[in-house]
Every structure is written in structure tokens, then in C-alpha cells.
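What follows is a set of notes on a single structure, which appears directly below.
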Amino acid sequence: MLSCGLGAEKRQGSIFCRTQNSLYHFITGANIQIIRGTTTTMLYLIGLGLADETDVTVKGLELIKKAERVYLEAYTSILLVDIANLEAYYGRPIIVADREMVESASDEILAGADTSDVAFLVVGDPFGATTHTDLVLRARELQIPVQSVHNASIMSAIGATGLQLYNFGQTVSMVFFTDTWKPSSFYDRLKENQQIGLHSLLLLDIKVKEQSLANLARGRKIYEPPRFMTVAECASQMLETEEERGEGVCGPQNLAVGVARVGAWNQKMAAGTLKQLSGIDLGAPLHSLVLLGKKTHYLERDFVRDFAVKQDVFDTVWSELYEGKQ
Ligand SMILES: C[S@@+](CC[C@H](N)C(=O)[O-])C[C@H]1O[C@@H](n2cnc3c(N)ncnc32)[C@H](O)[C@@H]1O
């Protein structure tokens with residue numbers, strides 16, 4: 001027999017039974033219908049959107065309010081406001097889950113998720129360029145149901161540049177180069193996209209709670225200040241790699257669009273050659289960059305041209321290298 005956790009009431013001949021997660025509707029003794037909510041406890045992956053605390057969905061907020069514990073994944077992306085703003089708006093304390101916790105101590109996050117709800121908050125969309133597959137697989141192993149609440153992602157919001165999402169190829173990540181490590185696999189992906197005329201979205205490196213090599217080697221848990229790659233740094237690294245590889249994929253004259261803080265009131269965009277963008281300052285994080293494909297439609301061009309660093313330069317490069325080249 002099912003017990004009525006939070007009480008029952010009789011309305012129009014039916015009995016309604018309220019539990020913590022659900023409202024059951026008893027039509028007859030044997031016929032149970034779930035009107036609203038869930039019957040089981042869950043791990044909820046909740047997308048927070050891109051800019052601030054108010055970007056959460058209504059569904060996401062309701063779940064956050066009733067979850068037993070609320071974690072925030074804070075190393076693959078960041079919101080553009082402090083965690084204190086989230087706690088105040090959601091009315092819940094938030095546990096910051098760093099890479100170490102999510103990758104090595106996922107059982108800590110999942111503890112008790114079979115008897116009470118746990119919310120795992122992800123900036124953007126939980127499945128937008130961040131998947132947390134390990135956490136979901138571990139939850140499945142423990143027979144903990146998982147549900148996602150989706151939200152805007154940089155993968156879709158990049159359409160605000162006016163570039164058609166249909167015309168994008170593979171998304172690539174650009175990591176910070178060091179003196180001894182300058183991985184160029186991104187260049188091959190850009191080249192593949194370029195060969196079929198598609199745009200390339202580059203997501204830029206974030207370093208949060210990173211240890212220096214010396215501290216890592218000595219096992220000292222001392223962390224470097226956070227770093228977020230800028231559009232200028234990304235464009236410079238692209239030019240450096242072009243110098244090295246010389247296959248004409250991302251040289252000084254290639255057109256690109258740099259974006260900063262997409263979705264926020266102070267979002268910024270700048271279009272220009274990679275040489276121009278390598279000297280641009282778009283302000284606070286987060287930044288992304290799109291390398292234009294040759295198939296750029298004239299409507300896309302008109303949209304992007306509006307935020308060209310210098311429209312005369314943009315027009316010249318466009319007519320020499322892009323127009324009619326698709
Ligand atoms: C690994 S992705 C995580 C994506 C996130 N889960 C989502 O759905 O948007 C993080 C990168 O996306 C880009 N990004 C995320 N939010 C952004 C924003 N509001 N404006 C510009 N770039 C952003 C940055 O390059 C950042 O380093």
C-alpha cells in the first residue's frame with residue numbers, strides 16, 4: 001500500500017495524495033495517476049544559461065529549491081556573476097564542485113541521490129560542450145535516475161553573431177600554449193571545416209584551480225590565480241600555428257568574429273582579420289572566436305560587417321578573399 005507522505009485530500013470524488021516529490025491522484029484504490037512531479041529521487045543536471053543568476057529556467061529553479069544538495073560545476077565554464085548572487089537568488093547554499101571532485105569523488109556528489117534529490121548545476125547547457133558522461137554513467141551504475149534541464153549554450157548563442165548555425169563545422173578548443181607545449185591539432189579541424197567552406201567555433205581555455213608544475217610535482221595544493229583566454233590570445237596563437245604549418249588556414253588576412261560575454265548586457269562582438277583581432281581588447285571573460293568559412297552567405301556578411309573593427313578593411317578582405325570563393 002502506498003502511504004500518503006504529506007497528507008491526502010478529497011476533491012470531486014477523487015483522492016489526491018501529496019508526497020515530497022509528487023501529487024498522486026487515486027481514482028480507484030488500484031488506479032494511480034501521477035499528476036505532477038516525479039515519483040523517484042534523482043540526480044538533476046541543470047543548465048544555468050550563460051550570463052547571470054536570472055538565466056535559470058523556471059523548471060530548473062523549482063528543482064534547485066527542493067534538492068537536498070546543490071553542486072555547481074565550476075571549471076569548464078563560469079557564470080558572469082559571483083556564486084553569492086546565485087545562492088541569494090536560488091535561496092540555497094551551493095557546493096562548488098571542482099574538477100578533482102567531479103572526476104575523482106563523484107560518489108560524494110551522488111551520495112544519497114537514491115533517497116533524495118541532488119542538483120548538479122552546469123553553466124550553459126549540461127550537454128553543450130561539456131557532457132559529464134562519467135558522472136551520468138556512475139549514477140546509472142548506482143541505479144540513480146538522471147534527468148536534464150536544458151538551457152542556452154554558447155553552442156547555440158553564438159548564432160547572435162548572425163552566422164547560421166547550419167554553416168558551422170566542428171567546434172574546437174584552444175588551449176593556452178606554453179614555451180614547450182603548443183598543440184596544433186585544432187589546426188587540422190579548422191582545415192577540414194575550411195575545405196567545405198564552414199565556419200569554425202573556437203572555445204577558449206579556462207584555467208581554474210590549476211597547480212604550477214613545481215607545486216604539482218611536490219604535491220602542494222597551492223593554486224594559481226584563474227586565467228581565461230581572450231580573443232586576442234586565441235588569434236595570436238592561431239597566427240603562430242599558421243606560421244609553423246603554412247597551409248593557409250588561419251593567416252593574418254583570414255576573417256573572424258570575436259565575442260565576449262555572450263548573453264550578458266555588456267556582451268561585445270568584433271569582426272576583422274585575425275591580425276586585427278590579435279590586438280583587440282574585448283574586456284572581461286568569457287570569450288570565444290569564430291573563424292569565417294568561405295561559404296558565408298551575404299546576409300551573414302552584412303550582419304557581421306556591422307561590428308567590423310574597420311569596415312573598409314573588412315570590405316577589401318571580403319572582396320579579395322571571400323566573395324564568390326565558396
Ligand atoms: C567548455 S565550454 C562550456 C560550455 C557550456 N556548457 C555551454 O553550454 O555554454 C566553455 C567555453 O565556452 C565559451 N563560452 C561559454 N560561455 C560564454 C559566453 N557567455 N560568452 C562567450 N564565450 C562563452 C568560452 O570560450 C568558454 O571557455
Side-chain angles (χ1 to χ4, degrees), residues 44-57 60 71-82 85-86 96-99 102-103 119-136 148-163 165 168 170-177 183 186 189-190 199-210 225-238 256-271 277 280-291 304 307:
Y44 288 102
L45 303 180
I46 301 176
L48 296 186
L50 292 173
D52 63 38
E53 67 275 23
T54 62
D55 283 331
V56 68
T57 61
Y71 293 91
L72 171 67
E73 185 272 86
Y75 59 91
T76 66
S77 201
I78 52 156
L79 272 184
L80 311 172
V81 292
D82 289 338
N85 294 42
L86 305 188
V96 175
D98 57 20
R99 189 185 293 280
V102 178
E103 290 177 0
F120 185 77
L121 314 184
V122 181
V123 173
D125 186 274
F127 289 96
T130 344
T131 55
H132 297 301
T133 324
D134 288 356
L135 186 66
V136 175
S148 309
V149 180
H150 298 285
N151 207 320
S153 166
I154 187 61
M155 303 284 291
S156 53
I158 197 66
T161 53
L163 299 172
L165 296 182
F168 277 75
Q170 304 162 87
T171 299
V172 300
S173 299
M174 177 66 91
V175 298
F176 279 113
F177 286 180
F186 77 88
R189 304 288 87 73
L190 296 184
H199 311 310
S200 304
L201 170 62
L202 288 97
L203 300 178
L204 314 189
D205 205 0
I206 291 180
K207 292 227 177 292
V208 200
K209 229 180 154 192
E210 295 276 330
R227 289 166 73 201
F228 305 96
M229 188 184 285
T230 63
V231 161
E233 286 168 321
C234 176
S236 303
Q237 292 193 176
M238 291 167 82
V257 187
V259 299
R261 303 172 300 283
V262 174
W265 298 119
N266 61 353
Q267 92 177 10
K268 260 194 181 168
M269 296 189 190
L277 294 188
I280 203 154
D281 179 5
L282 292 181
L286 294 168
H287 293 190
S288 297
L289 184 143
V290 181
L291 184 66
V304 161
F307 34 81

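Both backbone and side-chain heavy atoms feed into the values below; hydrogens, waters and symmetry mates do not. We count ligands from 1, going down the list as the structure has it; atoms in each ligand are counted the same way.
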pair Met238-Leu190: side-chain heavy atoms closer than 4.5 Å: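 Yes. Closest side-chain heavy atoms under 4.5 Å.
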
Which N/O atoms of ligand 1 sit under 3.5 Å from a protein N/O, and at what distances?
| unit_1 | atom_1 | unit_2 | atom_2 | d |
| --- | --- | --- | --- | --- |
| ligand 1 | 6 (N) | Val123 | O | 3.0 |
| ligand 1 | 6 (N) | Asp125 | O | 3.3 |
| ligand 1 | 6 (N) | Gly128 | O | 2.7 |
| ligand 1 | 6 (N) | Thr130 | OG1 | 2.7 |
| ligand 1 | 8 (O) | Asp125 | N | 2.9 |
| ligand 1 | 8 (O) | Asp125 | O | 3.4 |
| ligand 1 | 8 (O) | Gly128 | O | 3.0 |
| ligand 1 | 8 (O) | Ser153 | OG | 2.7 |
| ligand 1 | 9 (O) | Ser153 | OG | 3.4 |
| ligand 1 | 9 (O) | Ile154 | N | 2.9 |
| ligand 1 | 19 (N) | Val262 | N | 3.4 |
| ligand 1 | 19 (N) | Val262 | O | 3.0 |
| ligand 1 | 20 (N) | Val262 | N | 2.9 |
| ligand 1 | 22 (N) | Ser288 | OG | 2.9 |
| ligand 1 | 25 (O) | Leu204 | N | 2.9 |
| ligand 1 | 25 (O) | His287 | O | 2.7 |
| ligand 1 | 25 (O) | Ser288 | OG | 3.2 |
| ligand 1 | 27 (O) | Leu204 | O | 2.6 |

Partners meeting salt bridge (Lys or Arg N to Asp or Glu O under 4.0 Å) with Asp82 (sequence neighbours left out):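 Applying salt bridge (Lys or Arg N to Asp or Glu O under 4.0 Å) to Asp82 gives none.
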
Contacts of Ala232 that satisfy side-chain contact (heavy atoms from CB on, under 4.5 Å) - sequence neighbours left out: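 In terms of side-chain contact (heavy atoms from CB on, under 4.5 Å), with neighbours along the sequence ignored, Ala232 is linked to Thr230.
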
Rounded distance [0.5 Å steps], CD in Glu233 versus NE2 in His287: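 So the gap between those two atoms works out to 9.0 Å.
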
Can you give me every donor-acceptor pair (side chain of residues 153-160, partner residue at least two apart or in another chain, under 3.5 Å) with its distance?
| unit_1 | atom_1 | unit_2 | atom_2 | d |
| --- | --- | --- | --- | --- |
| Ser153 | OG | Met155 | N | 3.0 |
| Ser156 | OG | Ser153 | N | 3.4 |
| Ser156 | OG | Ser153 | O | 3.1 |

Nearest atoms (heavy-atom pairs only) where Pro285 meets Arg261: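 Heavy-atom minimum between the residues: O-CG, 3.2 Å.
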
